[in-house]
Amino acid sequence: MSLASYIGCNIEIPLSSEESDDLIVIGDCFSNKYNRRDVKKHQFTTPFVYEVSSDLGIEISEYMNPKTRAESKEKLIELCKILDSYIDKGDYFELYSCWV
């Protein structure tokens with residue numbers, strides 16, 4: 001079982017390079033266009049949906065071990081930095097993670 005994370009945006013953002021070895025990669029990993037369509041329909045209020053990949057996904061909860069929770073927080077901060085370079089005042093994104 002793997003954890004998949006998605007972002008919904010009210011603006012289009014570019015996908016990461018397929019050769020990227022960044023901590024966060026925006027593009028297809030587990031999902032196809034039908035998976036993203038379903039996530040958009042049931043989870044987001046935004047017109048654009050992207051899969052966000054990392055080695056173990058982004059999940060922050062009190063039930064996780066502290067090391068994994070800290071790694072997820074680092075990934076979320078990195079995602080926010082990436083999106084901050086594209087999102088202007090008034091734009092926004094939503095985050096959704098699920099087990100696949």
Side-chain angles (χ1 to χ4, degrees):
M1 198 182 282
S2 297
L3 186 65
S5 296
Y6 299 89
I7 53 172
C9 296
N10 68 325
I11 59 166
E12 283 189 86
I13 58 172
L15 301 180
S16 301
S17 164
E18 290 186 19
E19 296 84 33
S20 177
D21 60 352
D22 292 340
L23 181 61
I24 295 292
V25 176
I26 299 173
D28 304 335
C29 181
F30 296 109
S31 69
N32 59 39
K33 66 181 182 180
Y34 303 108
N35 300 129
R36 291 186 300 280
R37 179 198 62 200
D38 291 344
V39 168
K40 177 182 171 184
K41 179 180 177 182
H42 298 288
Q43 303 299 328
F44 291 133
T45 63
T46 61
F48 304 103
V49 175
Y50 305 93
E51 185 175 357
V52 177
S53 304
S54 62
D55 57 345
L56 293 173
I58 300 172
E59 180 184 23
I60 301 170
S61 76
E62 63 184 277
Y63 306 107
M64 299 177 69
N65 71 57
K67 182 178 183 283
T68 304
R69 187 171 50 241
E71 290 171 354
S72 282
K73 286 181 182 180
E74 181 182 336
K75 293 172 192 174
L76 181 58
I77 290 168
E78 184 63 24
L79 175 62
C80 289
K81 287 178 185 177
I82 292 168
L83 292 175
D84 191 46
S85 66
Y86 300 113
I87 293 178
D88 293 323
K89 185 175 182 175
D91 293 330
Y92 63 95
F93 78 95
E94 303 166 348
L95 175 67
Y96 172 69
S97 296
C98 62
W99 292 103
V100 293

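Because only heavy atoms are used, hydrogens play no part in the values below, and waters and symmetry mates are left out as well, while side chains stay in.
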With rounding to the nearest 0.5 angstrom, report the CD1 to OH distance, I7 to Y96. 15.5 Å
Roughly how far apart are T45 OG1 and N10 CG, rounded to 0.5 Å? 8.5 Å
Heavy atoms of S31 and E51 approach each other most closely as OG-OE1, 2.6 Å
Tell me whether Y6 shares a hydrophobic cluster with I60, the cluster being built from Ile, Leu, Val, Met, Phe, Trp, Tyr side chains joined at under 4.5 Å. no
Taking the side chain as everything from C-beta on, heavy atoms only, tell me whether R36 gets closer than 4.5 Å to D28. yes
Quick check: is L83 connected to L76 through a chain of hydrophobic side chains (ILVMFWY, heavy atoms under 4.5 Å apart)? yes
If you group Ile, Leu, Val, Met, Phe, Trp and Tyr by side-chain heavy-atom gaps below 4.5 Å, do F48 and Y92 land in one group? no
Tell me whether V52 is reachable from I77 by hopping between hydrophobic residues (I, L, V, M, F, W, Y) whose side-chain heavy atoms are closer than 4.5 Å. no
CZ (F44) and OH (Y50) are apart, to the nearest 0.5 Å, by 11.5 Å
Just verifying a value: how many Å separate S5 OG and L95 CG, rounded to the nearest 0.5 Å? 5.5 Å
Distance (rounded to the nearest 0.5 Å) between C98 SG and D38 CG: 10.5 Å
Heavy-atom closest pair (R69 atom, M64 atom, distance to 0.1 Å) is NH1-O, 3.0 Å
Pairs under 3.5 angstrom only: tabulate donor-acceptor contacts from the side chains of residues 20-27 to other protein residues two or more places apart or in another chain.
{"unit_1": "S20", "atom_1": "OG", "unit_2": "D22", "atom_2": "N", "d": "3.2"}
{"unit_1": "S20", "atom_1": "OG", "unit_2": "D22", "atom_2": "OD2", "d": "3.2"}

What is the distance from atom CD of E74 to atom CG of L79, rounded to the nearest 0.5 Å? 12.5 Å
Results of side chain to side chain contact (heavy atoms under 4.5 Å, CB included) for K67 - residues two or more places apart only: N65, E71
